[in-house]
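Computed over heavy atoms, backbone and side chain alike; hydrogens, waters and symmetry mates excluded. We number each residue from 1, following the sequence as shown.
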Amino acid sequence: MNPYEVLLVKADASRGEIDEAYRDLVKVWHPDRFAQEPRLQVKAQEQIKQINQAYSAVRQERAALGAAAGSDTGTTSAKASRATVACIGC
């Protein structure tokens, strides 16, 4: 299944929207909420596993896209500039 569908967000959702959707779904499906109902707790465990896998997949996908974009935008020189600024007062 599409990880964005699992998280109930669009593929172009912002990181904040994805994080918020993840937190909301975890609150709804957390297995501890169903401690008194073992049958539902098992279903919640399955659901939370899917939610966690989807969230991880989206985060990894976005990190890979960000890393690829960063290599094209001079991220290395920006890091070097920060290092130089940090050393001025040395």
Side-chain angles (χ1 to χ4, degrees):
M1 179 175 253
N2 180 332
Y4 294 97
E5 289 177 7
V6 173
L7 296 174
L8 306 174
V9 295
K10 294 180 181 178
D12 63 350
S14 71
R15 180 177 177 176
E17 291 170 325
I18 292 167
D19 290 346
E20 181 178 31
Y22 171 75
R23 285 190 303 269
D24 290 348
L25 289 168
V26 167
K27 286 178 185 175
V28 169
W29 287 104
H30 199 284
D32 289 350
R33 292 189 62 222
F34 304 95
Q36 302 303 317
E37 300 179 56
R39 182 181 60 81
L40 294 178
Q41 190 173 37
V42 169
K43 288 185 178 193
Q45 288 169 342
E46 293 168 4
Q47 194 70 22
I48 204 77
K49 183 178 178 181
Q50 283 187 337
I51 292 165
N52 285 330
Q53 288 173 343
Y55 184 65
S56 179
V58 169
R59 294 292 304 261
Q60 288 175 358
E61 174 187 305
R62 299 248 173 146
L65 291 173
S71 64
D72 295 335
T73 60
T75 302
T76 305
S77 63
K79 288 180 182 176
S81 297
R82 283 192 296 258
T84 303
V85 170
C87 292
I88 287 176
C90 296

Roughly how far apart are D12 CG and E17 CD, rounded to 0.5 Å?
8.0 Å
To the nearest 0.5 Å, what is the distance between CD1 on I18 and CG on L8?
12.0 Å
4.5 Å side-chain heavy-atom contact, Y55 and V6:
no
Quick one: does K49's side chain get under 4.5 Å of E46's, heavy atoms only?
no
Side-chain (E37) to main-chain (F34) donor-acceptor, under 3.5 angstrom:
no
Consider only side-chain heavy atoms of I, L, V, M, F, W and Y, link residues closer than 4.5 Å, and tell whether V26 and M1 are in one cluster.
yes
Once you round to the nearest 0.5 Å, how far does CZ of R62 lie from OG of S14?
7.5 Å
CD of Q45 to CG of L40: how many Å apart, nearest 0.5 Å?
11.0 Å
Taking atom CZ as the centre, does R15 end up with more than 12 heavy-atom neighbours from other residues, nucleotides or ligands that are less than 6.0 angstrom away?
no
To the nearest 0.5 Å, atom CG of L25 lies from atom NE2 of H30 at 13.0 Å
Quick one: pull up CD1 in I48 and NZ in K43 and give me the separation to the nearest 0.5 Å.
16.0 Å
Would you indicate whether the side-chain heavy atoms of Y22 and R59 approach each other to under 4.5 Å?
no
Distance-minimising heavy-atom pair for A44 and P31
CB-CA, 4.0 Å
